[in-house]
Amino acid sequence: MNIKKRAILYLKRKKGRMLFLMSLLFLMSISVLIGLSLKESADQELDRLRLSMASGFILKANADNEMYKEVTDYGNGATSTYYAGPMITDEMIEKVLSLDGVEDYSVIDEIHLAWTNLTLRPGMYAGMEPDPNPDPNDLIPCTEETLELDRHSTRVYACRNGNCHKNFRTGALSITEGRNLETEDHFKAVVSDWLAEKNRLSVGDTITLETKEGNYDFTEKPLKRLGEAVTVEIAGLFHANFSQPSSDMTLEQCYVENIIYVDEDAYFKLQDNLKEHAMYQDIAESYEEHHEVEFLVKDPAQIDSIMQQIRDRDDIDLENIELETDSSAYEASAGPYRGIRIFSMALLALGLCGMGVILYLLIHLWMQGRRHEVGIYRSVGMKKREILGQMLIECFAVSFAALALAFLLAGSAAAGCADAAKRLAAPKEKQETYVVEVDQYFLPQIKKTSSDEVLLDGSVDVKSMGFAALFVCGISGASVLVSFSKINSVEPKNLLQ
């Protein structure tokens with residue numbers, strides 16, 4: 001009788017033992033396949049996020065440094081304190097852009113407080129009434145004029161490339177009609193769909209922006225216009241993909257729906273209006289210097305190395321200039337996938353190490369129980385390699401059966417685990433993905449706090465199947481070889497005792 005027939009007879013005779021071994025091998029195989037599937041899917045989504053959410057770093061002048069603050073006295077007790085230290089120049093921006101991995105940049109601090117005749121989302125000033133007997137000692141008396149100014153004043157952001165702006169790049173705002181601003185635009189604007197609907201505006205319509213004295217100084221004529229009115233054409237409408245709660249303490253200019261994005265030509269024209277005011281002439285002329293600039297990179301993994309290159313360069317002066325990373329949006333979105341990746345690695349470790357050790361101990365124990373059988377085979381003249389071959393055939397037959405069952409069920413099992421992981425990692429229903437925080441300068445800052453919908457493939461590819469087959473067969477075959485080697489050196493008469 002050849003070794004194949006003896007192996008088949010042994011498997012039939014030891015059905016219970018073989019079913020138990022096959023169950024163990026099946027659990028090992030399915031754990032490896034599910035773990036590999038979740039890991040591959042999480043890695044793919046992390047790569048997608050790295051490419052789509054172009055995070056970067058920020059160059060920022062430290063305006064809080066007292067060494068670089070100056071006070072200007074305009075007489076009559078009117079003074080102003082401003083930052084007069086090193087700034088980020090266009091020359092510095094060009095040098096940073098020349099580094100490998102840096103894709104584009106966005107100037108963060110180009111913001112103008114403008115007046116418009118549009119109806120804005122009502123805030124604190126909408127519910128206020130003018131004081132019938134204003135106190136002449138109040139710096140800002142609550143008059144009809146001041147309320148008219150504040151109810152129609154909003155933030156105008158310069159935007160050289162709308163797709164690079166953080167609020168659009170992170171998905172907080174998305175274009176619903178028309179297009180975003182582009183570097184070649186001249187006197188174009190992007191406004192919210194709420195503002196457009198409220199004022200019956202559409203793409204192609206024009207709006208007028210003015211610089212009012214009351215927004216930049218304590219004056220008896222708050223509605224006095226500085227410079228010329230700026231007319232811009234609406235190139236697109238944006239939608240805020242979150243809800244900003246209403247509050248009686250929120251200023252009109254702090255609502256995201258009231259923000260107006262304009263190209264640099266329109267912004268510089270508005271800034272030129274400030275030249276008519278003595279306090280702001282220097283600010284109006286400093287077009288080539290910036291307080292804060294955000295640089296975008298291709299891969300967040302390169303941020304640290306690029307920042308170090310900037311620090312090491314002698315031709316980039318970082319005196320009182322801070323470097324800080326800007327990957328908050330990426331980190332918020334990548335968090336769930338990192339958790340899923342850790343879970344998949346734990347599942348792989350369980351399948352590869354835990355069950356591998358159990359399998360070896362189990363096969364070793366069973367091989368020791370076949371010492372008498374091996375002694376009989378050797379006493380009747382059977383060669384050692386034939387005995388080993390029979391045991392390997394038995395082990396591989398069980399392994400192939402377990403793998404076939406695992407391959408058959410792995411697809412549905414991995415899909416089920418992927419669905420469960422998506423439900424567990426998904427953001428809570430009542431939790432906003434973005435929140436708006438108003439800083440000390442009354443600027444609305446949009447921050448991404450949770451991930452978007454978690455996407456997982458949950459499929460099992462051929463490469464994963466091949467790895468699982470190689471591992472299972474390798475572990476089971478190696479266990480047989482190691483266990484048999486310990487029996488092989490024993491004399492037949494000692495095996496028969």
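Applying the salt bridge (charged side-chain N to carboxylate O under 4.0 Å, His left out) test to every pair with at least one member in residues 151-163, sequence neighbours left out, gives these pairs: D104-R160.
Rounding to the nearest 0.5 Å places CG of N320 at 7.5 Å from CD of E322. Taking CZ of R121 as the reference point, atom SG of C254 lies at 11.5 Å (rounded to 0.5 Å). How far CG of D317 is from OG1 of T89: 9.5 Å, rounded to the nearest 0.5 Å.
E94 and Y105 are not linked by any side-chain donor-acceptor pair at a separation below 3.5 angstrom, with hydrogens and angles left out of the test. Neither side chain, T154 nor N258, offers a donor N or O lying under 3.5 Å from an acceptor on the other.
At a threshold of 4.5 Å between non-hydrogen side-chain atoms, the residues N167 and F238 do not count as touching. Side-chain contact between V293 and I58: absent, with no pair of heavy atoms (C-beta onward) separated by less than 4.5 Å. Counting heavy atoms from C-beta on, the side chains of V191 and L237 come closer than 4.5 Å. Residues E103 and F295 have side chains not in contact (no heavy-atom distance under 4.5 Å, counting atoms from C-beta outward). In this structure the side chain of I88 never reaches within 4.5 angstrom of the side chain of V107, judged on heavy atoms. With contacts defined as side-chain heavy-atom distances shorter than 4.5 Å, the pair L318/L59 qualifies. Counting heavy atoms from C-beta on, the side chains of L201 and I207 come closer than 4.5 Å.
Put simply, the side chain of S31 gets close to the backbone of L27: a donor and an acceptor are under 3.5 Å apart. Remark: side-chain polar atoms of N199 are not paired, donor with acceptor, to backbone N or O of L118 under 3.5 angstrom.
Counted within 6.0 Å of CG on D312, heavy atoms from surrounding residues, nucleotides or ligands total more than 12; the atom is thus considered enclosed. Around the CD atom of Q308, the shell of radius 6.0 Å holds more than 12 heavy atoms that belong to other residues, nucleotides or ligands. In this structure, K69 places its NZ atom where more than 12 heavy-atom neighbours from other residues, nucleotides or ligands lie under 6.0 Å away.
Residues satisfying the side-chain contact (heavy atoms from CB on, under 4.5 Å) test with S464, not counting sequence neighbours, are L33, L36, V460, D461. In this structure, R200 has no side-chain contact (heavy atoms from CB on, under 4.5 Å) partners at least two apart in sequence or on a different chain. Checked against side-chain contact (heavy atoms from CB on, under 4.5 Å), K95 has the following partners two or more places apart in sequence or in another chain: E91, R313, D315, I316. Residues passing the side chain to side chain donor-acceptor pair (under 3.5 Å) test with D185, sequence neighbours excluded: R179. Applying the side-chain contact (heavy atoms from CB on, under 4.5 Å) test to T231 and every residue at least two apart in sequence or in another chain returns T206, T208.
In summary, D272 and K275 engage in a salt bridge, as defined by a charged side-chain N under 4.0 Å from a carboxylate O. A salt bridge is defined here as a Lys NZ or Arg NE, NH1 or NH2 lying under 4.0 Å from an Asp or Glu carboxylate O, and E233 with K188 meets this definition. Between E148 and K212 there is no salt bridge, since none of the side-chain N atoms of the basic residue sits less than 4.0 Å from a carboxylate O of the acidic one. We find that K166 and E294 are not joined by a salt bridge, their nearest charged nitrogen and carboxylate oxygen being 4.0 Å or further apart.
The two atoms that bring L120 and S153 nearest to each other are CD1-O, 3.6 Å, heavy atoms only.
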Q: Start with the C-alpha gap between H290 and D90, add the side-chain angles, then the distance that decides, and say whether side chain to side chain donor-acceptor pair (under 3.5 Å) holds.
A: CA-CA 8 Å; H290 316 281; D90 289 345; 3.1 Å; yes

Q: Verify side chain to side chain donor-acceptor pair (under 3.5 Å) between N241 and S174, making sure each step is shown before the conclusion.
A: CA-CA 7 Å; N241 297 314; S174 57; 3.3 Å; yes

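With H112 as the partner, the ring-ring contact (aromatic ring centres under 6.0 Å, His included) test is satisfied by one option alone out of Y216, Y157, Y261: Y216.
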